[in-house]
Trainee: 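This structure is in structure tokens; I'll ask about it shortly.
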Protein chains: 2
Amino acid sequence: MAPSSSPLVRRIARRILADIAAGLLPPGARLKGAELALRHDVSRSPIERALLLLEQAGVAAREPNRGFVVTGDRAASLRAAQSLMETDAAPPYLQIAADRLAGRLPEFVTERLLAGRYRVTGAVLRQNLTRMAQERWIERRPGYGWRFLPVLDSAEAHAASYRFRLAIEPAALLEPGYRVDATAFAKVRGEQMELVQPRPPRLTSNEWFDIGTRFHATIVGCCGNPFFIEASQRANRLRRLIVYRPFDDTRAFAAAAHEHLKLLDLLEAGRHEQAARLLRVHLEDIRQVKADLLGSEARPASGDRRRKSGDRRGELDVVPHF
Amino acid sequence: MAPSSSPLVRRIARRILADIAAGLLPPGARLKGAELALRHDVSRSPIERALLLLEQAGVAAREPNRGFVVTGDRAASLRAAQSLMETDAAPPYLQIAADRLAGRLPEFVTERLLAGRYRVTGAVLRQNLTRMAQERWIERRPGYGWRFLPVLDSAEAHAASYRFRLAIEPAALLEPGYRVDATAFAKVRGEQMELVQPRPPRLTSNEWFDIGTRFHATIVGCCGNPFFIEASQRANRLRRLIVYRPFDDTRAFAAAAHEHLKLLDLLEAGRHEQAARLLRVHLEDIRQVKADLLGSEARPASGDRRRKSGDRRGELDVVPHF
DNA sequence: GTTTGCATTTTAGAAGCTTAAAATGCAAAC
DNA sequence: GTTTGCATTTTAAGCTTCTAAAATGCAAAC
């Protein structure tokens, strides 16, 4: 609805909205420009535009020469939050990934082709390509143009990522600077609790993946060592792009969730050694489950050999995942 | 000397030169355009320009309608290699790092300022900033401009990187896809041998760092798991930017080199378990040596507290490192 | 039939200009 | 003195044009 609002302005509007929802800004509170600017680390201009946005939504009211005040209209807040969420465009990154996986893009592409196809400007495209290159999806050719790399021949790449996580995640829990983030822990604890209910929710494999990843990111994120945090993020980002044949064993989900909850308990109790041991076992378990699912005993040693097309046992349905 | 040659052309010239030096292209061999284009994954244009460059240097000779031939002039080859090395400009990245560490750049900077100061175009600057951001040196401010992050308060960051390496490097040696790269191994073996001579060369701390890093990168690089390889590269890149007070204990260098050589032996013999154990001990050793040097027993638990300025024991001389 | 030499086409980076949007300054209102 | 409301300045992204350089096509030479 807003006539024109930059992503930054919308982001700030969302954050203010969140503060209102959290009770930090009660109904009637004055929304002071300088104060908000400081809090959100921007100047007063985008703040003012965000407030205009919130005024339009009925969340804030303008009083002449006194600035904006919180109205306290819950319904309006919800509506505003909704519309502010919708406004964000998906990055071409995901669409390119999907098209490539579906075979709609050739091995070699030029920036020109991509810019035209996805209707993005050069700079934006470059950012996306850089990110893909970092994730080893694509690489720059020596002259010009880009080459899609053999898409993570999935079974092997997946196994590699698990071995990597096995090396770093338990170690992260043993970092001397480890500090539990109570808020984040509470949030993932809530999610995991849902999964161990007598009647667990039916989740798509995407949702399962999200919840699981969030859990692991949260416990690693508290380790205070940026090397571990970043490494973990990278491994997950890449893993996220490939999903195997829907893996829909509710028993296994619940078992994993039980282990996750136990891990939260141990970390909150400061029993890091024990947590690390459990995490190691836990990752091994998951890996094993997946490996069985994929019939990895027949997996060739080298990653670039292919299974004969007739042998469909352990075949993957590689689907883009978002 | 060359009137104009792109970085790509120079790179290709270097590679052809390397092939000649390695005997792959003996004196008198014809340098066929299409063949070289295929080998270096480019079209025939940059190949031709590279050959012209080599002709100017006296390494190749042109025969009318028969293309270029290797002359076999060793002296010319050496001279050419030399001049092709010199031609490469240092990226602004390093200079920005140096200036920031020396306090010649403020906490907040705009792209405009940097582009003017370092005489680079917007695109190049952007690339450099992106890289710095990935290495957690700098971050984009919400509105515009960039903020330098509190420079890796060195003692803590260094310790963090060692703990990270301790988690990944030994694990990399145990990867199932580990394959020794004989050529690369031979090269680092030669470097390490030099250090254990009765009269070892006097090395600057930079050179010591380079040789050490190359060693670790090489043994990790053979693991076949891109997650480990990339993580290791990142940790080293960041570590590279900070150097402590020149650490000049020749005995310690030699001891480390002995361990490095032992590691190469074990890996070549396929004794990965043992190699991983030794590497773990080795990294612990280095960390300990450095920690003693820094008086880390007095190091506060949290990374952002500062040592009292009066206490200079274990103080660091943070110097840019290149 | 291969390979070269050169002309032509295509690509992506650079330079300059325009513009949306963020930062800043300041008088007026409280 | 604070805070607002608005004008002004500054920044960086977008757009257009231009250009260096890589890719490609093809006739001629062997």
Side-chain angles (χ1 to χ4, degrees), chain A residues 2-12 30-38 40-53 55 60 62-69 108-116 119-127 129 140-146, chain B residues 2-12 30-38 40-53 55 60 62-69 108-116 119-127 129 140-146:
Chain A
S4 83
S5 58
S6 71
L8 176 61
V9 167
R10 283 198 298 278
R11 207 175 79 206
I12 290 172
R30 274 184 77 180
L31 296 161
K32 298 180 192 172
E35 199 177 295
L36 291 170
L38 197 65
H40 298 105
D41 192 23
V42 290
S43 73
R44 282 161 39 224
S45 326
I47 295 286
E48 179 156 340
R49 306 219 286 135
L51 291 175
L52 283 166
L53 215 59
E55 187 195 17
R62 178 162 221 167
E63 299 180 2
N65 284 321
R66 290 201 69 241
F68 296 87
V69 212
F108 298 101
V109 289
T110 61
E111 294 184 15
R112 200 168 217 272
L113 172 84
L114 294 174
R119 298 295 171 166
V120 283
T121 156
V124 173
L125 178 62
R126 213 79 42 73
Q127 285 180 357
L129 286 170
R140 231 210 147 90
R141 297 195 57 197
Y144 58 70
W146 298 74
Chain B
S4 83
S5 59
S6 71
L8 176 61
V9 167
R10 283 197 297 279
R11 208 175 78 207
I12 290 172
R30 271 186 78 181
L31 296 160
K32 296 180 192 170
E35 199 176 294
L36 292 170
L38 198 65
H40 298 105
D41 193 23
V42 291
S43 73
R44 280 163 37 225
S45 322
I47 293 287
E48 179 157 338
R49 304 220 287 135
L51 291 175
L52 282 166
L53 216 58
E55 187 195 17
R62 178 161 220 164
E63 301 180 2
N65 284 322
R66 290 200 71 241
F68 295 88
V69 207
F108 298 101
V109 289
T110 62
E111 294 185 15
R112 199 169 218 270
L113 172 84
L114 295 174
R119 300 291 170 170
V120 284
T121 157
V124 173
L125 178 62
R126 215 79 42 73
Q127 285 181 358
L129 287 170
R140 233 210 143 89
R141 297 196 58 197
Y144 59 70
W146 298 73

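Quick note on labels: first sequence line is chain A, next is B, and so on, each numbered from 1.
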Trainee: Quick check for you: among D:dT10, C:dA14, C:dT3, whose closest atom lies nearest to any side-chain atom of B:Thr121?
Mentor: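 Closest of the options to the side chain of B:Thr121: C:dA14.
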Trainee: Please compare B:Gly145 and A:Arg30 by the position of their nearest nucleotide in DNA chain D and report the one closer to 5'.
Mentor: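 First, find each residue's nearest nucleotide; the 5'-ward one identifies A:Arg30.
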Trainee: So, is B:Ser6 close to the D:dA21 phosphate, meaning a side-chain N or O under 4.0 Å from OP1 or OP2?
Mentor: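 For D:dA21, neither OP1 nor OP2 has a side-chain N or O of B:Ser6 closer than 4.0 Å.
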Trainee: Would you check if the side chain of B:Arg30 reaches a backbone N or O of B:Gly67 as a donor-acceptor pair within less than 3.5 Å?
Mentor: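 No, B:Arg30 side chain to B:Gly67 backbone: no donor-acceptor pair under 3.5 Å.
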Trainee: Any strand counts, and the cut-off is 3.5 Å on both contacts for Watson-Crick or G-U wobble. Which nucleotide pairs with D:dA29?
Mentor: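 Partner of D:dA29: C:dT2.
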Trainee: Counting the atoms with a prime plus P, OP1 and OP2 as sugar-phosphate, which does B:Arg62 contact under 4.0 Å by heavy atoms, base, sugar-phosphate, or nothing?
Mentor: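 Sugar-phosphate, no base atom in range.
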Trainee: How many Å lie between CZ on A:Arg49 and C1' on C:dA20, as a whole number?
Mentor: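 So the two atoms are 8 Å apart, to the nearest Å.
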Trainee: Is the shortest side-chain heavy-atom distance between B:His40 and B:Pro46 below 4.5 Å?
Mentor: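 Answer no - side chains too far apart.
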Trainee: Under a 3.5 Å distance rule, please check whether B:Arg10 uses its side chain to pair with a backbone N or O of B:Ser5 as donor and acceptor.
Mentor: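 Pair found, side chain donor or acceptor close to backbone of B:Ser5.
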Trainee: Applying the Watson-Crick and G-U wobble criteria at under 3.5 Å, what pairs with C:dA14? Answer none if nothing qualifies.
Mentor: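 By the stated definition (distances under 3.5 Å), D:dT17 pairs with C:dA14.
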Trainee: Considering every strand and a 4.0 Å limit on heavy-atom distances, what is the contact class for B:Leu113: base, sugar-phosphate, or nothing?
Mentor: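 It contacts nothing in the nucleic acid.
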Trainee: Any base atoms under 4.0 Å from B:Glu63, or only sugar-phosphate, or nothing? Heavy atoms, all strands.
Mentor: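 The answer is sugar-phosphate, as B:Glu63 gets under 4.0 Å only of primed atoms, P, OP1 or OP2.
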Trainee: Within the structure shown, what part of the strands sits under 4.0 Å from A:Arg140 by heavy-atom distance: base, sugar-phosphate, or nothing?
Mentor: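 Sugar-phosphate, no base atom in range.
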Trainee: For B:Lys32 and C:dG5, what is the distance between atoms NZ and P respectively, to the nearest whole Å?
Mentor: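 Value for this atom pair: 14 Å.
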Trainee: May I ask you to test the A:Leu52-A:Glu55 pair for a side-chain heavy-atom distance under 4.5 Å?
Mentor: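 A:Leu52 reaches A:Glu55 side chain to side chain.
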Trainee: Could you tell me the separation between the OH atom of A:Tyr144 and the P atom of C:dT9, rounded to a whole number of Å?
Mentor: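 For the pair A:Tyr144 OH and C:dT9 P, the rounded distance is 13 Å.
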Trainee: Relative to the 5' end of DNA chain C, which residue comes earlier, B:Ala34 or B:Ser45, by the nucleotide with the nearest heavy atom?
Mentor: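 Closer to the 5' end of DNA chain C: B:Ala34.
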Trainee: Using a 4.0 Å heavy-atom cut-off, does A:Leu51 contact any base of the nucleic acid, only the sugar-phosphate backbone, or nothing at all?
Mentor: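 Here A:Leu51 touches no strand at all.
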Trainee: Using the closest heavy atom to pick a nucleotide of DNA chain D for each, name whichever of B:Thr110 or B:Pro64 lands nearer the 5' end.
Mentor: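 Between the two, 5'-proximity favours B:Thr110.
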Trainee: Ignoring the backbone of A:Val124, work out which of D:dT24, D:dG14, C:dA23 is nearest its side chain.
Mentor: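 Of all the options, the side chain of A:Val124 is nearest to D:dG14.
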Trainee: OP1, OP2 of C:dC30 versus side-chain N and O of A:Asn65: anything below 4.0 Å?
Mentor: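 Answer yes for this pair, as a side-chain N or O of A:Asn65 is under 4.0 Å from OP1 or OP2.
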Trainee: Would you mind classifying the nucleic acid contact of B:Arg44 as base, sugar-phosphate or nothing, using non-hydrogen atoms under 4.0 angstrom?
Mentor: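 Answer is base: heavy atoms of B:Arg44 come under 4.0 Å of a base.
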Trainee: Could you walk me through whether A:Glu111 and A:Arg126 pass salt bridge (Lys or Arg N to Asp or Glu O under 4.0 Å), step by step?
Mentor: CA-CA 8 Å; A:Glu111 294 184 15; A:Arg126 213 79 42 73; 3.1 Å; yes
Trainee: Taking CG from B:Leu36 and P from C:dT3, how many angstroms apart are they, rounded to a whole number?
Mentor: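 The answer, rounded to whole Å, is 11 Å.
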Trainee: Using a cut-off of less than 4.0 Å, is there contact between a side-chain N or O of B:Ser43 and OP1 or OP2 of D:dA23?
Mentor: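 For D:dA23, OP1 or OP2 has a side-chain N or O of B:Ser43 closer than 4.0 Å.
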Trainee: When the distance from CD of A:Glu35 to C1' of D:dT4 is rounded to whole Å, what number comes out?
Mentor: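 Computing the A:Glu35:CD to D:dT4:C1' distance gives 14 Å.
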Trainee: Determine whether a donor-acceptor pair (N or O, by modelled atom type, separation under 3.5 Å) exists between the side chain of A:Thr110 and the backbone of A:Leu113.
Mentor: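 Between the backbone of A:Leu113 and the side chain of A:Thr110 there is a qualifying donor-acceptor contact (under 3.5 Å).
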Trainee: What integer distance in Å separates A:Phe108:CZ from D:dA22:C1'?
Mentor: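 Interatomic distance, CZ of A:Phe108 to C1' of D:dA22: 15 Å.
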Trainee: Any idea which of D:dA23, C:dA12, D:dG14 is nearest the B:Pro46 side chain?
Mentor: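 Shortest atom-to-atom distance from the side chain points to D:dA23.
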Trainee: For the pair B:Thr121 (side chain) and B:Val124 (backbone), establish whether a donor and an acceptor sit closer than 3.5 Å, ignoring hydrogens and angles.
Mentor: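 No.
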Trainee: Rounding to an integer number of Å, can you tell me how far B:Glu111 CD sits from C:dA22 P?
Mentor: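 Taking atom P of C:dA22 as the reference, CD of B:Glu111 is at 15 Å.
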Trainee: Which whole-number value in Å describes the distance from A:Leu8 CG to D:dA12 C1'?
Mentor: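 It works out to 13 Å between those atoms.
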Trainee: Could you tell me the Watson-Crick or G-U partner of D:dT9, where both distances fall under 3.5 Å? Say none if there is no partner.
Mentor: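 Base partner found: C:dA22.
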Trainee: Think A:Arg66 has a side-chain N or O under 4.0 angstrom from the OP1 or OP2 of D:dT4?
Mentor: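 No, A:Arg66 has no side-chain N/O under 4.0 Å of OP1/OP2 on D:dT4.
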